[in-house]
Amino acid sequence: MRISTIAASISGILVSSLLLSCSGTSSEAKTDFTKDVDVLIGAGGHGHVFVGANVPFGMVQLGPASIPQTWDWCSGYHASDSTVIGFAHTHLSGTGCGDLLDIEVMPVTGTDLTYSRGVESDQNSGIWSYADRTTEVAVPGYYKVRLMRYPVLAEMTATARVGLSRFTFDDGAADAAIVFDLEDGQLDQVTSAELKVVDDTHIVGYRHSKGWANDQKLWFSAEFSKPFEASAAHGESGLFYRFDFDDPGEVMLKVSVSPVSSEKASANIKAELPGWDFEATAKAASDAWNAELSKVEIKTSDETARKIFYTALYHSMISPALYSDYGDPNRYTTLSLWDTYRAEMPLFTIMHPEKMEDMMDTFIEIYENEGKLPVWHLWGCETWCMIGNPGAIVLADAITKGFCSTKSEKAWEALKVSSMREDRGQGDRMKLGYIPCDRLIASVAYDTEYAVADWAVAQAAKKLGKEEEYEYFLDRSTWWRKHFDPETGFVRGIMSDGSFHEPFNPYFSNHNQDDYCEGNAWQYTWLAPQDLDGMIGLWGGKENMIQALDSLFKADSRLDGENASADISGMIGQYVHGNEPSHHIVYLYSMAGERDRTADLVRKIDKELYFADPTGVCGNEDAGQMSAWYILSSMGFYQAEPAGGHYYFGSPLFDEVRINLPEGKTFTIIAKNNSDENRYIRSITLDGKPYDLPYIDYSAIMAGGTLEFTMGN
């Protein structure tokens with residue numbers, strides 16, 4: 001089977017035992033939801049998404065890596081650039097910093113090559129090639145492109161822990177080889193590496209590096225479909241290894257990675273990909289994606305919105321990524337928690353409850369090993385990237401929803417210990433009631449995020465019957481109020497002597513050097529979704545608070561300062577949809593009883609800030625958070641509070657949404673008379689009975705049933 005038939009296989013209607021077991025639906029033929037996915041959405045602009053072949057939550061993400069090592073190339077790929085230095089087996093997706101791109105392989109021809117990364121201004125400076133983007137095919141689980149420098153077609157697919165490449169050299173290609181590059185990653189530095197030839201079709205080795213993950217250890221095992229002739233190490237670093245073939249034609253390559261050993265990596269291949277059937281492997285990857293995508297079925301006449309939705313669903317399942325070998329308990333990495341605690345993790349509790357125990361066990365094991373819950377964990381390393389205590393929010397939310405029941409005391413210990421540590425400003429906060437801005441950069445951001453986490457921890461304490469701890473952390477969740485300045489109406493930095501930080505300009509941003517984090521006073525003033533009563537009180541009543549909230553969206557969309565944060569993007573006034581501290585803000589209206597204002601803003605964001613093209617994400621995809629916001633909001637609700645499962649209503653974008661839950665249950669959301677004009681919820685029923693709450697509870701969703709909105713203008 002060649003490319004024409006594999007494309008048909010991938011895009012056709014798929015029926016498999018995997019799909020049936022995961023979707024909880026009947027044995028009838030199912031829709032192929034992968035055809036609604038455009039993996040290139042977010043591959044341009046500042047989206048930073050991964051483009052290549054993988055399976056949902058897979059440890060391997062196999063795809064091209066380009067020459068640049070700059071911000072917009074965090075994933076190794078950008079729509080504006082077609083350079084390829086190799087095809088790497090690990091990638092980040094949608095992050096604001098780069099790393100990984102481990103174990104790069106490059107098919108080449110000829111012997112007069114310079115073994116290095118190279119520069120685009122000089123074709124002979126490295127082994128890199130331009131890719132012929134007119135031949136590129138990128139769909140869930142499969143990637144193809146033809147290289148322009150070498151006469152070869154590159155195809156790839158993957159299992160959870162193994163990448164499978166098929167390199168087809170043109171007839172008569174001379175001196176054909178595959179080069180393993182252990183030197184180059186993305187914004188990292190090799191600390192040690194090794195490659196050993198086991199026999200003429202099998203190699204093993206490791207690549208240890210220091211970058212964002214400051215002590216990443218990765219082992220690999222690789223098998224070739226044809227015997228090779230190995231040559232000595234190449235390049236100044238000696239970390240390029242060339243494997244030549246007498247009669248190349250079609251050469252397939254299996255590469256597995258492991259966080260433990262090359263022996264484990266070899267075992268991963270034996271367990272997950274013992275044979276060489278490329279088409280079957282690609283179909284299995286497509287089936288795996290279809291099984292997960294089919295957990296949500298939408299009805300809409302808006303085909304663009306449908307594409308954006310299923311692409312968002314696809315992007316939400318690239319990370320967290322598996323970080324364990326076959327046969328071991330499933331553990332996860334790429335934990336971008338400051339981003340994902342807000343929408344992606346609450347989405348997972350609905351979409352992937354079967355994975356939540358393993359994910360939370362990962363959190364608990366990190367606590368046991370490191371004495372704290374994760375902040376931004378990457379390949380066994382705490383990056384300490386971003387602020388607050390986001391791991392506690394995710395774990396607390398899971399506890400309130402009934403997860404971790406067999407490990408509740410250990411989970412509580414992790415929550416409490418992590419919340420009582422004295423590092424990262426918490427010591428000052430517990431002594432003074434706030435973090436002085438002359439002692440810690442981004443003090444306001446830290447304080448507000450800690451308050452959000454404290455409220456989540458309080459809810460977990462309440463769930464576990466720990467009344468004293470509940471009261472203590474509930475009180476701490478209000479300490480953000482100390483930063484509020486009634487004279488200006490903004491939260492502000494406080495000096496050690498108790499005075500407000502001067503001078504003050506709410507439009508000012510100095511990236512990573514001011515009192516906020518990737519934002520300014522406009523956004524952080526509203527980072528208290530856990531304390532609506534506190535906000536109402538500070539503004540002297542709900543009407544005043546609503547007026548102040550209105551001013552956020554009406555303000556000038558300007559940023560003052562020469563080093564304003566590039567993460568402040570997707571602006572409506574001073575609301576910033578391209579970065580996470582704003583994501584709950586439009587739902588504050590709904591929480592305060594002004595749901596129609598939420599509806600206006602949700603529809604505006606859905607329609608104007610998400611696009612079906614490479615620039616279709618208005619900020620970094622942020623490991624799935626931007627997509628998760630769209631998924632939940634387009635279904636009609638969003639968990640604005642940090643824990644507890646209250647999904648506040650906004651404005652459903654689709655006429656009908658069917659969520660296929662475990663045990664054959666379904667939760668159906670119907671929006672009658674829905675249109676751009678009729679975007680306001682006028683009445684609600686749940687299973688045919690009038691429903692008056694401003695939110696739907698997590699337990700009600702998971703019980704299954706029908707939520708019906710009647711929409712109006």
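Only heavy atoms go into these numbers, but all of them, side chains included; no hydrogens, no water, no symmetry mates.
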Student: Less than 3.5 Å apart, any donor N or O on the side chain of W73 or D81 sitting next to an acceptor on the other?
Tutor: yes
Student: May I ask you to test the P353-F348 pair for a side-chain heavy-atom distance under 4.5 Å?
Tutor: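 A side-chain contact under 4.5 Å is absent here.
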Student: Do any N or O atoms from the side chain of Y610 and from the backbone of M626 form a donor-acceptor pair under 3.5 angstrom?
Tutor: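 Such a contact is found between Y610 side chain and M626 backbone.
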Student: Enter the distance from S316:OG to H352:NE2 here, rounded to the nearest 0.5 Å.
Tutor: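 NE2 of H352 is found 5.5 Å from OG of S316.
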Student: Are the side chain of T83 and the backbone of I67 linked by a donor-acceptor contact shorter than 3.5 Å?
Tutor: yes
Student: With a 3.5 Å distance limit and no angle check, can you tell me whether T31 reaches the backbone of F33 through a side-chain donor-acceptor pair?
Tutor: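 Checked: no pair found.
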Student: Ion pair present between R146 and E155, side-chain N to carboxylate O less than 4.0 angstrom?
Tutor: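 E155 and R146: not salt-bridged.
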Student: Looking only at non-hydrogen atoms, find the nearest pair between V257 and A265 and report the distance.
Tutor: C-CB, 4.3 Å
Student: Regarding Q625 and T340, is there a side-chain donor-to-acceptor distance under 3.5 Å anywhere?
Tutor: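 The answer is no; no qualifying pair exists.
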Student: Quick one: does any side-chain atom of T362 pair with a main-chain N or O of D358 as donor and acceptor, under 3.5 Å?
Tutor: yes
Student: For F50 and H91, take the angle between the two ring planes, folded into 0 to 90°, and tell me which bin it lands in: parallel under 30, tilted 30 to 60, perpendicular over 60.
Tutor: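 Tilted.
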Student: Could you walk me through whether T383 and W376 pass the side chain to side chain donor-acceptor pair (under 3.5 Å) test, one step at a time?
Tutor: CA-CA 6 Å; T383 69; W376 212 124; 5.6 Å; no
Student: Quick one: does P107's side chain get under 4.5 Å of Y150's, heavy atoms only?
Tutor: no
Student: Show your working on salt bridge (charged side-chain N to carboxylate O under 4.0 Å, His left out) between D328 and K264 and close with a plain yes or no.
Tutor: CA-CA 10 Å; D328 295 336; K264 284 281 192 177; 3.3 Å; yes
Student: Verify side-chain contact (heavy atoms from CB on, under 4.5 Å) between L92 and C74, making sure each step is shown before the conclusion.
Tutor: CA-CA 7 Å; L92 292 170; C74 286; 5.9 Å; no
Student: Which heavy atom in L147 sits nearest to a heavy atom in S129, and how many Å separate them?
Tutor: CB-OG, 3.8 Å
Student: What distance do M156 atom CE and T281 atom OG1 have between them, rounded to the nearest 0.5 Å?
Tutor: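 If I round to the nearest 0.5 Å, the distance is 13.5 Å.
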Student: F87 vs F167 aromatic rings, parallel, tilted or perpendicular, using cut-offs 30° and 60°?
Tutor: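 Tilted, since the angle between the ring planes falls between 30° and 60°.
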Student: Are the side chain of T157 and the backbone of Y142 linked by a donor-acceptor contact shorter than 3.5 Å?
Tutor: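 Not at all, since once roles are kept as given, no pair shorter than 3.5 Å links the two residues.
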Student: In plain terms, say whether E229 and R242 are close enough for a salt bridge, that is, a side-chain N and a carboxylate O under 4.0 Å apart.
Tutor: no
Student: Give a yes-or-no answer on whether the side chains of N268 and S266 include a donor-acceptor pair shorter than 3.5 Å.
Tutor: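 Not at all, the side chains of N268 and S266 share no donor-acceptor pair under 3.5 Å.
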Student: Under a 4.5 Å cut-off applied to non-hydrogen side-chain atoms, are Y115 and D181 in contact?
Tutor: no
Student: With no hydrogens and no angle check, do the side chains of T135 and D132 hold a donor and an acceptor under 3.5 Å apart?
Tutor: no
Student: With no hydrogens and no angle check, is any side-chain donor or acceptor of S116 less than 3.5 Å from a backbone partner on S125?
Tutor: yes
Student: Which heavy atom of P248 sits nearest a heavy atom of A173, and at what distance?
Tutor: CG-O, 4.3 Å
Student: Does the side chain to side chain donor-acceptor pair (under 3.5 Å) test come out yes or no for S93 and E621, once each step is laid out?
Tutor: CA-CA 7 Å; S93 184; E621 167 62 18; over 6 Å; no
Student: Looking at CD1 of I178 and CE of M252, how far apart are the two atoms once the value is rounded to the nearest 0.5 Å?
Tutor: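 That separation rounds to 11.0 Å.
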Student: Looking only at heavy atoms, which two atoms of P374 and L337 are closest? And how far apart?
Tutor: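 Looks like O-CD1, 3.5 Å.
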Student: Going by heavy atoms in the side chains, are T109 and D175 under 4.5 Å from each other?
Tutor: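 Answer no - side chains too far apart.
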Student: Heavy-atom distance under 4.5 Å between the side chains of L273 and R161, does that happen here?
Tutor: no
Student: As an exercise, state the distance from NZ of K307 to OG1 of T300, rounded to the nearest 0.5 Å.
Tutor: 14.0 Å
Student: Within the 3.5 Å criterion, strictly below it, is a donor on S258 or W219 matched to an acceptor on the partner's side chain?
Tutor: no
Student: Could you go through the salt bridge (charged side-chain N to carboxylate O under 4.0 Å, His left out) check for K144 and E136 one step at a time?
Tutor: CA-CA 5 Å; K144 176 195 83 162; E136 186 175 65; over 6 Å; no
Student: Answer yes or no: is there a side-chain heavy-atom contact under 4.5 Å between F611 and I41?
Tutor: no
Student: Hydrogens and angles aside, do Y130 and E120 bring a side-chain donor and acceptor to less than 3.5 Å of each other?
Tutor: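 Side chains of Y130 and E120: pair found under 3.5 Å.
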Student: For residues 90-117, pull every pair meeting salt bridge (Lys or Arg N to Asp or Glu O under 4.0 Å), keeping only residues two or more places apart or in separate chains.
Tutor: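 Only D102-R207, R117-D184 qualify under salt bridge (Lys or Arg N to Asp or Glu O under 4.0 Å).
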Student: Distance to the ring centre below 6.0 angstrom and angle to the axis at most 45 degrees; does that hold for R331 and Y323?
Tutor: no
Student: Would a distance-only check, ignoring hydrogens and angles, find a side-chain to backbone donor-acceptor pair under 3.5 Å from H48 to W71?
Tutor: yes
Student: Would H234 and F240 count as a ring pair (Phe, Tyr, Trp, His ring centres under 6.0 Å) here? Give the steps.
Tutor: CA-CA 5 Å; H234 295 272; F240 288 78; 8.5 Å; no
Student: Say whether, by atom type as modelled, one donor and one acceptor occur between the side chain of S262 and the main chain of S221 under 3.5 angstrom.
Tutor: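 Answer holds: no.
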Student: For the pair S286 (side chain) and K283 (backbone), establish whether a donor and an acceptor sit closer than 3.5 Å, ignoring hydrogens and angles.
Tutor: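 No, S286 side chain to K283 backbone: no donor-acceptor pair under 3.5 Å.
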Student: List the steps, then state whether side chain to side chain donor-acceptor pair (under 3.5 Å) holds for D199 with T201.
Tutor: CA-CA 6 Å; D199 55 44; T201 60; 3.2 Å; yes
Student: Counting only heavy atoms not in E236 (residues, nucleotides, ligands), do more than 12 fall under 6.0 Å from its CD?
Tutor: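 No.
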Student: Does CG in D122 sit with more than 12 non-hydrogen atoms of other residues, nucleotides or ligands closer than 6.0 Å?
Tutor: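 More than 12 within 6.0 Å, yes.
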Student: Could you tell me whether a side-chain N or O of Y310 sits under 3.5 Å from a main-chain N or O of V296, the two making a donor and an acceptor?
Tutor: yes
Student: Mind checking whether Y332 and F57 have parallel, tilted or perpendicular rings, split at 30° and 60°?
Tutor: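 It falls in the perpendicular class, over 60°.
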Student: Regarding D302 and R306, does a basic nitrogen lie under 4.0 Å from an acidic carboxylate oxygen?
Tutor: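 Salt bridge between D302 and R306, a charged N being under 4.0 Å from a carboxylate O: no.
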Student: Decide ring pair (Phe, Tyr, Trp, His ring centres under 6.0 Å) for F228 and F243; before the verdict, give the C-alpha distance in whole Å, the side-chain angles of both, and the deciding distance to 0.1 Å.
Tutor: CA-CA 6 Å; F228 57 70; F243 302 91; 4.8 Å; yes
Student: Check whether any side-chain heavy atom of N660 lies under 4.5 Å from a side-chain heavy atom of R658, and answer yes or no.
Tutor: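 Sidechains of R658 and N660: in contact.
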Student: Would L335 and I366 satisfy side-chain contact (heavy atoms from CB on, under 4.5 Å), going step by step from the backbone distance to the final call?
Tutor: CA-CA 11 Å; L335 301 173; I366 290 172; 4.0 Å; yes
Student: Evaluate the side-chain proximity of I85 to M106: yes if any heavy-atom separation is below 4.5 Å, no if none is.
Tutor: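 M106 vs I85: side chains apart.
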Student: Using a distance-only test with no angle check, is there a side-chain donor-acceptor pair under 3.5 angstrom linking Q216 and S209?
Tutor: yes
Student: How long is the span from the CD1 atom in I631 to the CD1 atom in I308, to the nearest 0.5 Å?
Tutor: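 So the gap between those two atoms works out to 12.0 Å.
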Student: Hey, mind stepping through D72 and Y77 against side-chain contact (heavy atoms from CB on, under 4.5 Å) and telling me if it holds?
Tutor: CA-CA 8 Å; D72 277 332; Y77 182 103; over 6 Å; no
Student: Would you give the length of the straight line joining atom CG of L100 to atom OG1 of T334, rounded to the nearest 0.5 angstrom?
Tutor: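 OG1 of T334 is found 6.5 Å from CG of L100.
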